[in-house]
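FYI, side chains are in, hydrogens and waters are out, and symmetry mates aren't considered; it's all heavy atoms of this structure. Computed from a predicted model, the values in this text were never measured in an experiment.
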Amino acid sequence: MSAQQKLHVFEDGSTLAMALASSIAGKLRDAIALHGEAVIAVSGGSTPKRLFEKLSNEILDWSRVTVTLVDERWVPDSDERSNARLVESLLLQRGAADADFVPLYVEAATPEAGIGEVRTRLAALKQPFDVVVLGMGPDGHTASFFPGGDRLGEALDTSNTALVLPMRAPGAGEPRITFTLPVLLKARALYLHIQGEDKREVLDQAEQANSQLPIASVLRDAPQLDIYWCP
């Protein structure tokens, strides 16, 4: 674990979700106090479900918060695999229903066809983001940075100025769209939320100097990173 990384260990997922929600809410409150608004980008999948529920109950001025996604499957929110659907059903509830939501999917046949419209939509988002919450798959992917991804090199290039890129990979299922690594690394607060002994082993592998796992690029290049983990 490098000096810019801090590992927070919890007994179980519920305790972790409560602590992480509290930390994120504090960062959002700070951003609102300083800038009058806050932007948070979150990840999908099964891991953040409890986090979203806890975060939606945090007391803050959600009307000044914009929520977007780190990445998305190229499916509408009527699809059960949509990250937007997950956020809408679990996070944008209760007080958090007042937040603005900026999805990454648009009605186009492919991410390549819709990328222009997405980039125009995202250009209005204040940067750097105040909070980014990453997850990690058992293959070491984070965001849609999948091993074998057709644009993985571009997405991980810290000199790349693109906001988002399409991504296709054998392990990705649907075509995807993802923010690039440079955008995510600029976040004022960057979190990695993982659970399970298997994910901890992948994290240990990624910390090796010669690791080619996509998450290793985050570990190497992030100015600061808070890792929240439980067995």
Side-chain angles (χ1 to χ4, degrees), residues 13 17 20-21 24 28 38-58 62-126 129 131-139 141-146 148-152 155 162-180 183-184 191 193-195 214:
L20 182 50
I24 290 170
L28 296 177
V39 180
I40 175 173
V42 298
S43 297
S46 58
T47 300
K49 288 181 178 179
R50 267 186 291 207
L51 169 64
F52 290 167
E53 291 174 347
K54 300 288 188 187
L55 187 55
S56 71
N57 282 300
E58 288 285 340
W62 284 102
S63 68
R64 295 179 178 272
V65 176
T66 299
V67 179
T68 190
L69 288 157
V70 166
D71 67 320
E72 178 63 284
R73 300 175 176 94
W74 200 254
V75 296
D77 64 2
S78 57
D79 191 302
E80 63 181 16
R81 283 176 57 77
S82 163
N83 287 339
R85 178 172 176 163
L86 181 72
V87 167
E88 289 163 347
S89 63
L90 295 180
L91 176 54
L92 302 179
Q93 301 293 325
R94 293 163 287 278
D98 290 336
D100 287 330
F101 180 51
V102 180
L104 301 187
Y105 172 83
V106 297
E107 291 187 13
T110 65
E112 290 82 4
I115 193 79
E117 184 178 347
V118 176
R119 285 173 173 160
T120 298
R121 174 188 292 177
L122 297 177
L125 286 180
K126 179 181 68 68
F129 296 160
V131 176
V132 167
V133 186
L134 297 175
M136 184 186 72
D139 60 355
H141 87 266
T142 189
S144 284
F145 309 150
F146 284 85
D150 61 346
R151 303 184 76 167
L152 181 61
L163 274 179
V164 288
L165 288 173
M167 188 70 69
R168 298 166 185 268
E174 301 88 345
R176 307 243 183 163
I177 186 166
T178 184
F179 275 103
T180 59
V183 176
L184 301 177
Y191 297 93
H193 177 193
I194 54 176
Q195 297 182 194

What distance do [X] atom [atom1] and [Y] atom [atom2] have between them, rounded to the nearest 0.5 Å?
X: L163; Y: R119; atom1: CG; atom2: CZ; result: 7.5 Å
X: I24; Y: I40; atom1: CD1; atom2: CD1; result: 5.0 Å
X: M167; Y: D150; atom1: CE; atom2: CG; result: 6.5 Å

On a heavy-atom basis, which atom in [X] and which in [Y] lie closest, and how many Å separate them?
X: P76; Y: S82; result: O-CB, 3.3 Å
X: E174; Y: R176; result: O-CG, 3.4 Å
X: R151; Y: P166; result: NH1-CD, 3.3 Å
X: A41; Y: L69; result: CB-C, 4.3 Å

Is there side-chain contact between L51 and V133, with at least one heavy-atom pair below 4.5 Å?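 Yes; the side chains approach each other to less than 4.5 Å.
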
Do the side chains of L134 and F145 get nearer than 4.5 Å, heavy atoms only?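 No, their side chains stay 4.5 Å or more apart.
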
Check: T180 side chain, V164 main-chain N or O, donor-acceptor pair, under 3.5 Å: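 It does not hold such a pair.
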
Residues which pass side chain to side chain donor-acceptor pair (under 3.5 Å) with S63, listed by chain and number, not counting sequence neighbours: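 D61.
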
Run the side chain to side chain donor-acceptor pair (under 3.5 Å) test against R85 and tell me which residues pass, sequence neighbours left out.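 Expected list: none.
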
Listing, residues 91-98 side-chain donor-acceptor contacts under 3.5 Å, not counting sequence neighbours, or none:
from	atom 1	to	atom 2	distance (Å)
Q93	NE2	E88	O	2.7
R94	NE	S56	OG	3.0
R94	NE	N57	OD1	3.3
R94	NH2	S56	OG	2.8

Pairs involving residues 69-80, ordered by first then second residue, that meet side-chain hydrogen bond (donor to acceptor under 3.5 Å, both in side chains) (sequence neighbours left out):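 The answer is D71-S144, R73-N83.
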
Pairs touching residues 38-54 that satisfy side-chain hydrogen bond (donor to acceptor under 3.5 Å, both in side chains), sequence neighbours left out: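 Sorted pair list comes back empty.
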
Side chains of residues 99-118: which donor-acceptor pairs under 3.5 Å do they make with residues two or more places apart or in other chains?
from	atom 1	to	atom 2	distance (Å)
T110	OG1	A113	N	3.0
E112	OE1	R168	NH2	2.8
E112	OE2	R168	NE	3.0

Look at atom CZ of R64 and say whether more than 12 heavy atoms of other residues, nucleotides or ligands are closer to it than 6.0 Å.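 Not buried by this count: 12 neighbours or fewer within 6.0 Å.
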
What verdict does the side-chain contact (heavy atoms from CB on, under 4.5 Å) test give for I177 and L165, after you've listed the backbone C-alpha separation in whole Å, the side-chain angles of each residue and the deciding distance to 0.1 Å? CA-CA 6 Å; I177 186 166; L165 288 173; over 6 Å; no

According to the interplanar angle, ranging from 0 to 90°, do the rings of F129 and F179 count as parallel (below 30°), tilted (30 to 60°) or perpendicular (above 60°)?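 Perpendicular: the ring planes of F129 and F179 meet at over 60°.
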
